[in-house]
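What follows is a short report on a single structure.
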Amino acid sequence: MSISTCKDTLLRLIRALPDPEPGPDPVLGVDEFALRRRRTYASILINMTTHRPVDVPADRTAETFATWLRDHPEVRVICRDRAGPSATGPVQEPLRPGRWPTSGI
């Protein structure tokens, strides 16, 4: 049994699906990207379980990232590169049960 349909119909049906409900983000990925090459950069926070964006902070400073972490105590693991402001943000946070510094990983 085969059904013929066009790609536009399939895309429309997929886009009509509801977004999943936001939940806790225990595994967080942090990376920088260019909004405008060589001029404007930003950070993006990704839920590494669902691979969906969580937030784009207003700037990419370590202080902003540390504040975001304080507001979201459910984060247990942080995946990030060792360059840029995200490398120092988590280390400045005080250690709590379930929260480990990620420098050198």
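Residues: numbered from 1 along the sequence shown. Only heavy atoms go into these numbers, but all of them, side chains included; no hydrogens, no water, no symmetry mates.
Residues passing the side chain to side chain contact (heavy atoms under 4.5 Å, CB included) test with L35 are F33, T40, A42, sequence neighbours excluded. Shown here are the side chain to side chain donor-acceptor pair (under 3.5 Å) partners of T50, two or more places apart in sequence or in another chain: there are none. Taking the side chain to side chain donor-acceptor pair (under 3.5 Å) definition, one finds that D55 meets it with W68, sequence neighbours left out. Residues satisfying the salt bridge (charged side-chain N to carboxylate O under 4.0 Å, His left out) test with D19, not counting sequence neighbours, are R52.
Shown here for P24 and P26, the closest heavy-atom pair between the two residues is O-CD, 3.2 Å. Here the closest heavy-atom approach between residue M48 and residue G29 is recorded as CG-N, 3.4 Å. Heavy atoms only, all atoms of each residue included: I44 and P53 are closest at CD1-CB, 4.3 Å. The two residues S43 and P57 have their closest heavy-atom pair at O-CD, 3.3 Å.
Rounding to the nearest 0.5 angstrom, the gap separating the CG atom in L28 from the SG atom in C79 is 8.0 Å.
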Throw together a table of side-chain donor-acceptor distances under 3.5 angstrom for residues 7-18, partners on residues two or more places apart or in other chains.
none

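The closest side-chain heavy-atom distance from V75 to L69 is below 4.5 Å.
A donor-acceptor pair under 3.5 Å is absent between the side-chain atoms of T64 and the main chain of R60, judged by distance alone.
Note on Y41 and L45: separate hydrophobic clusters, where clusters join Ile, Leu, Val, Met, Phe, Trp and Tyr whose side-chain heavy atoms are under 4.5 Å apart, directly or indirectly.
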